[in-house]
Amino acid sequence: QVQLVESGGGLVQAGGSLRLSCAASGSIFSINAMGWYRQAPGKQRELVAVITSGGNTNYADSVKGRFTISRDDAKNTVYLQMNTLKPEDTAVYYCWYRNYRNNMGYWGKGTLVTVSS
């Protein structure tokens with residue numbers, strides 16, 4: 001079992017910044033991927049960014065150049081630095097973890113990010 005706890009969501013004005021954190025605990029396998037998805041009301045959940053244990057990253061086109069994903073393996077924590085936020089970034093952001101040995105996936109409960117115009 002893996003537990004994921006997100007923090008850092010909140011209210012920010014357009015153009016501002018937030019940093020999300022997700023701490024993983026439990027049965028953490030060293031070969032894995034962690035990342036962030038988001039879902040706005042009435043819309044499909046979408047990938048925001050992922051990072052593998054080897055440091056490879058992928059970003060949604062809509063956030064490239066504005067968001068940066070990173071990880072601290074000593075703390076089993078993944079971060080999402082979000083800069084130049086736009087109202088369309090408003091969503092619940094979900095932390096995600098995948099064990100690459102058995103392909104088990106886990107979700108956090110989500111943290112709300114609201115960007116005002």
Side-chain angles (χ1 to χ4, degrees):
Q1 288 290 321
V2 174
Q3 295 79 44
L4 304 171
V5 179
E6 303 106 328
S7 63
L11 175 65
V12 65
Q13 291 187 336
S17 299
L18 286 172
R19 189 174 82 150
L20 306 183
S21 299
C22 174
S25 62
S27 300
I28 307 301
F29 184 60
S30 60
I31 310 300
N32 60 61
M34 297 186 72
W36 297 90
Y37 285 71
R38 67 186 182 187
Q39 188 167 23
K43 293 190 175 182
Q44 184 181 14
R45 185 177 298 185
E46 64 176 349
L47 173 70
V48 178
V50 294
I51 183 167
T52 70
S53 50
N56 296 316
T57 59
N58 283 300
Y59 296 91
D61 287 341
S62 60
V63 306
K64 286 181 179 178
R66 299 189 298 122
F67 292 10
T68 302
I69 190 169
S70 61
R71 59 190 289 160
D72 184 342
D73 290 335
K75 298 180 179 180
N76 290 322
T77 299
V78 63
Y79 305 95
L80 185 68
Q81 179 66 45
M82 304 185 294
N83 297 327
T84 319
L85 283 161
K86 303 175 181 180
E88 50 263 47
D89 295 318
T90 296
V92 176
Y93 285 70
Y94 295 92
C95 184
W96 169 84
Y97 165 89
R98 183 173 294 278
N99 182 325
Y100 274 175
R101 186 164 190 173
N102 61 16
N103 286 320
M104 292 287 292
Y106 300 87
W107 295 94
K109 293 182 178 180
T111 185
L112 178 63
V113 172
T114 302
V115 184
S116 62
S117 61

Side chains of [X] and [Y], heavy atoms from C-beta outward: is any pair under 4.5 Å?
{"X": "Val63", "Y": "Arg38", "answer": "yes"}
{"X": "Thr52", "Y": "Tyr100", "answer": "yes"}
{"X": "Ile28", "Y": "Tyr97", "answer": "yes"}
{"X": "Leu20", "Y": "Glu6", "answer": "no"}
{"X": "Asn32", "Y": "Asn99", "answer": "no"}
{"X": "Val92", "Y": "Tyr37", "answer": "no"}
{"X": "Trp36", "Y": "Val78", "answer": "yes"}

Out of curiosity, does [Y] fall in the hydrophobic cluster containing [X] (side-chain heavy atoms, cut-off under 4.5 Å, transitive links)?
{"X": "Met34", "Y": "Leu47", "answer": "no"}
{"X": "Tyr93", "Y": "Tyr106", "answer": "yes"}
{"X": "Met104", "Y": "Ile31", "answer": "yes"}
{"X": "Ile69", "Y": "Leu4", "answer": "yes"}
{"X": "Val50", "Y": "Val2", "answer": "no"}

Between atom [atom1] of [X] and atom [atom2] of [Y], what is the distance when rounded to the nearest 0.5 Å?
{"X": "Met82", "Y": "Arg19", "atom1": "CE", "atom2": "CZ", "answer": "11.0 Å"}
{"X": "Ser27", "Y": "Gln3", "atom1": "OG", "atom2": "CD", "answer": "8.0 Å"}
{"X": "Ile51", "Y": "Asn56", "atom1": "CD1", "atom2": "CG", "answer": "8.5 Å"}
{"X": "Ser25", "Y": "Lys75", "atom1": "OG", "atom2": "NZ", "answer": "15.0 Å"}

cation_pi(Arg45, Trp96) dist<6.0 Å, angle<=45: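 No.
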So, for [X] and [Y], which heavy atoms are closest and what is the spacing to 0.1 Å?
{"X": "Ser30", "Y": "Ser53", "result": "O-CB, 3.2 Å"}
{"X": "Lys43", "Y": "Gln39", "result": "O-NE2, 3.1 Å"}
{"X": "Thr90", "Y": "Val115", "result": "OG1-N, 2.9 Å"}

Set of ring pair (Phe, Tyr, Trp, His ring centres under 6.0 Å) partners for Tyr94, sequence neighbours left out: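 Expected list: none.
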Neighbour count above 12 (heavy atom, 6.0 Å) for Gln13 CD: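 No, CD of Gln13 has 12 or fewer neighbouring heavy atoms, counting only those of other groups under 6.0 Å.
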Exceeds 12 heavy-atom contacts within 6.0 angstrom, atom CD of Gln1: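 Atom CD in Gln1 is not crowded, with 12 or fewer foreign heavy atoms closer than 6.0 Å.
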Under the salt bridge (charged side-chain N to carboxylate O under 4.0 Å, His left out) test, residues paired with Arg66 that sit two or more places apart: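 Scan of Arg66 (salt bridge (charged side-chain N to carboxylate O under 4.0 Å, His left out), adjacent residues dropped) gives Asp89.
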